[in-house]
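Some notes on the structure that comes next.
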There are 2 protein chains.
Amino acid sequence: MRNRLVTYSPEAAFHALADPTRRAVLDLLRQGIQPAGQIARAFPVSRPAISKHLRLLRRAHLVQEKREGRHRLYQLNPEPLKAVDSWLQQYRVFWQANLNSLKAFVEAEHARETGGVEGERKDTAKRSRPNE
Amino acid sequence: MRNRLVTYSPEAAFHALADPTRRAVLDLLRQGIQPAGQIARAFPVSRPAISKHLRLLRRAHLVQEKREGRHRLYQLNPEPLKAVDSWLQQYRVFWQANLNSLKAFVEAEHARETGGVEGERKDTAKRSRPNE
DNA sequence: CCAATATGTAACGCTATGGTTACGCATTAT
DNA sequence: ATAATGCGTAACCATAGCGTTACATATTGG
């Protein structure tokens, strides 16, 4: 049952990607298959810590383990990321709309302010509180 | 510095998206701007719980709050998702390559297992342990 | 067979999370 | 004014996470 075309739910993937170290591990694996120890050495945390991240990534099917001698080689498996991608898909239309409407807005703003500086206000305007 | 074309780091977004309720809130907001209470009523958890999720989403800039009378209207802001999208971008090539190289890899694997060459046994191989 | 190497797991400890209830504060309705 | 409505925050709780230090297990080298 190798390449079964399973469709992963985004749940596990989103959860796995929440940790920056895990994302970095995946980024590292984009360079190619690597043994656990080598992966661990690339990070400032202990090996067991990486081992646990790898376990989680394994369970999320984001990496695949292959044993070779006393080594455990880890390979990236991008499949689950497709689920993330398709979740995101529903939002692309929004930031595209944004590029338009926002662009229009910005241009209008600019026109309005031509002489002015723009620096500030307008929108966010209100509060002194940053975001919150 | 209003609509500064800031580029959000994926950090906050990935963190915010890790929770299924928060993703659902965003999904809900795709339908349009809504007051906090109405959002809360769409979920099985208490209103304060949603209030906290909204605060987090706000800080991640994934939603924008607008006060109107005694209501707090929430609007989706897809911008930070672009950071997620571009992180993902680096992986797209993999799941495309996958259709090819992975297939090759899998086939090679299969061949290796059937013909069973190579001295090592791998055997033990594939484990009885499901994924783990 | 024994030491060294490569890893995963168990047991802890501390902080972060997500949920709950109680409460405080505007805004709107009577 | 007073009550009702809409929300956010504080204070708590229980659990999930992530890191650390032993420790157990499998593989390779002498």
Side-chain angles (χ1 to χ4, degrees), chain A residues 11-26 28-29 33-60 62-75 126-127 129-132, chain B residues 11-26 28-29 33-60 63-75 118-132:
Chain A
E11 191 54 48
F14 271 120
H15 179 238
L17 298 183
D19 184 86
T21 298
R22 283 193 293 268
R23 289 200 302 282
V25 167
L26 294 180
L28 185 62
L29 288 178
I33 194 170
Q34 288 182 60
Q38 191 173 319
I39 296 173
R41 264 174 261 120
F43 296 86
V45 296
S46 71
R47 192 183 53 64
I50 296 299
S51 189
K52 291 208 285 187
H53 282 307
L54 286 172
R55 172 166 58 190
L56 205 152
L57 289 170
R58 223 153 53 214
R59 290 177 173 161
L62 282 163
V63 299
Q64 204 185 306
E65 178 202 84
K66 246 201 317 184
R67 303 188 181 188
E68 196 160 287
R70 54 184 161 181
H71 290 151
R72 306 268 185 126
L73 303 177
Y74 282 91
Q75 178 173 45
K126 300 74 162 43
R127 73 263 356 2
R129 293 194 281 172
N131 294 306
E132 161 72 43
Chain B
E11 191 55 49
F14 272 120
H15 180 238
L17 298 182
D19 185 87
T21 299
R22 283 193 293 267
R23 288 200 303 280
V25 167
L26 294 179
L28 185 62
L29 288 179
I33 195 169
Q34 288 182 59
Q38 191 174 317
I39 296 173
R41 265 174 260 119
F43 296 87
V45 296
S46 70
R47 191 182 53 64
I50 296 298
S51 190
K52 292 209 283 185
H53 282 308
L54 287 173
R55 173 166 55 189
L56 204 152
L57 289 171
R58 223 155 51 215
R59 291 179 172 160
V63 300
Q64 205 183 304
E65 178 202 85
K66 251 204 306 189
R67 303 187 182 188
E68 197 161 286
R70 55 183 162 182
H71 291 184
R72 306 268 185 124
L73 303 178
Y74 283 90
Q75 178 172 43
E118 349 359 88
E120 34 78 306
R121 347 43 77 292
K122 96 248 295 61
D123 61 305
T124 0
K126 307 357 200 68
R127 58 331 262 45
S128 23
R129 294 191 280 172
N131 292 307
E132 157 69 38

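Reminder, nothing fancy here: chain letters follow the sequence lines and each chain counts from 1.
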Can you tell me which residue pairs pass the side-chain hydrogen bond (donor to acceptor under 3.5 Å, both in side chains) test with a partner in residues 38-48 of chain A, sequence neighbours excluded?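 Listed once each, the pairs are A:Gln34-A:Gln38.
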Quick one: which of C:dT7, C:dT9, C:dT20 gets closest to the side chain of A:Ala36? C:dT7
With A:Tyr74 via ring pair (Phe, Tyr, Trp, His ring centres under 6.0 Å) - residues at least two apart: none
Comparing nearest nucleotides in DNA chain D, the 5'-proximal residue of the pair A:His71, B:Leu54 is B:Leu54
Nearest whole angstrom, please: distance from the [atom2] of [N] to the [atom1] of [X].
X: A:Glu65; N: C:dT9; atom1: CD; atom2: C1'; value: 13 Å
X: B:Arg67; N: C:dA26; atom1: CZ; atom2: P; value: 10 Å
X: A:Gln34; N: C:dT7; atom1: CD; atom2: C1'; value: 16 Å
X: A:Leu73; N: C:dG8; atom1: CG; atom2: P; value: 11 Å
X: B:Glu68; N: D:dT5; atom1: CD; atom2: C1'; value: 16 Å

Closest-nucleotide 5' rank along DNA chain C - winner of A:Gln38 and B:Arg47: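 Taking each residue's closest nucleotide, the earlier one in sequence belongs to A:Gln38.
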For nucleotides 17-19 of chain C, which of its nitrogen or oxygen atoms have a protein nitrogen or oxygen under 3.5 Å away, and what is each distance?
from: C:dT17; atom 1: OP1; to: B:His15; atom 2: NE2; distance (Å): 2.7
from: C:dG18; atom 1: OP1; to: B:Asp19; atom 2: OD1; distance (Å): 3.4
from: C:dG18; atom 1: OP1; to: B:Arg22; atom 2: NH2; distance (Å): 3.4
from: C:dG18; atom 1: OP2; to: B:Arg22; atom 2: NH1; distance (Å): 3.0
from: C:dG19; atom 1: OP2; to: B:His53; atom 2: NE2; distance (Å): 2.6
from: C:dG19; atom 1: N7; to: B:Lys52; atom 2: NZ; distance (Å): 3.2
from: C:dG19; atom 1: O6; to: B:Lys52; atom 2: NZ; distance (Å): 2.8

Hey, does the side chain of A:Arg72 reach the backbone of A:Ala36 with a donor-acceptor pair shorter than 3.5 angstrom? no
Using a heavy-atom cut-off of under 4.0 Å over every strand shown, decide if A:Pro35 touches base, sugar-phosphate, or nothing.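 Sugar-phosphate contact only.
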A:Ala12: partners by side-chain contact (heavy atoms from CB on, under 4.5 Å), with sequence neighbours left out: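 For A:Ala12, the residues satisfying side-chain contact (heavy atoms from CB on, under 4.5 Å) (neighbours in sequence not counted) are A:Ala60.
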Polar pair under 3.5 Å, donor/acceptor by atom type, side chain A:Arg70, base C:dT5: yes
With a 4.0 Å limit, can you tell me whether [X] has a side-chain N or O closer than that to the phosphate oxygens OP1/OP2 of [N]?
X: B:Tyr74; N: D:dG6; value: no
X: B:Arg55; N: D:dG8; value: no
X: A:Arg72; N: C:dA6; value: no

List the steps and the verdict of side-chain contact (heavy atoms from CB on, under 4.5 Å) for A:Arg67 and A:Glu65. CA-CA 7 Å; A:Arg67 303 188 181 188; A:Glu65 178 202 84; 3.2 Å; yes
With sequence neighbours left out, which residue pairs that include part of residues 11-21 of chain B fulfil the salt bridge (Lys or Arg N to Asp or Glu O under 4.0 Å) condition? A:Arg23-B:Glu11
Got a salt bridge between B:Lys66 and B:Glu68, using NZ or NE/NH1/NH2 to carboxylate O under 4.0 Å?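 Looking at B:Glu68 together with B:Lys66, the answer is no, because their closest N to O distance does not fall below 4.0 Å.
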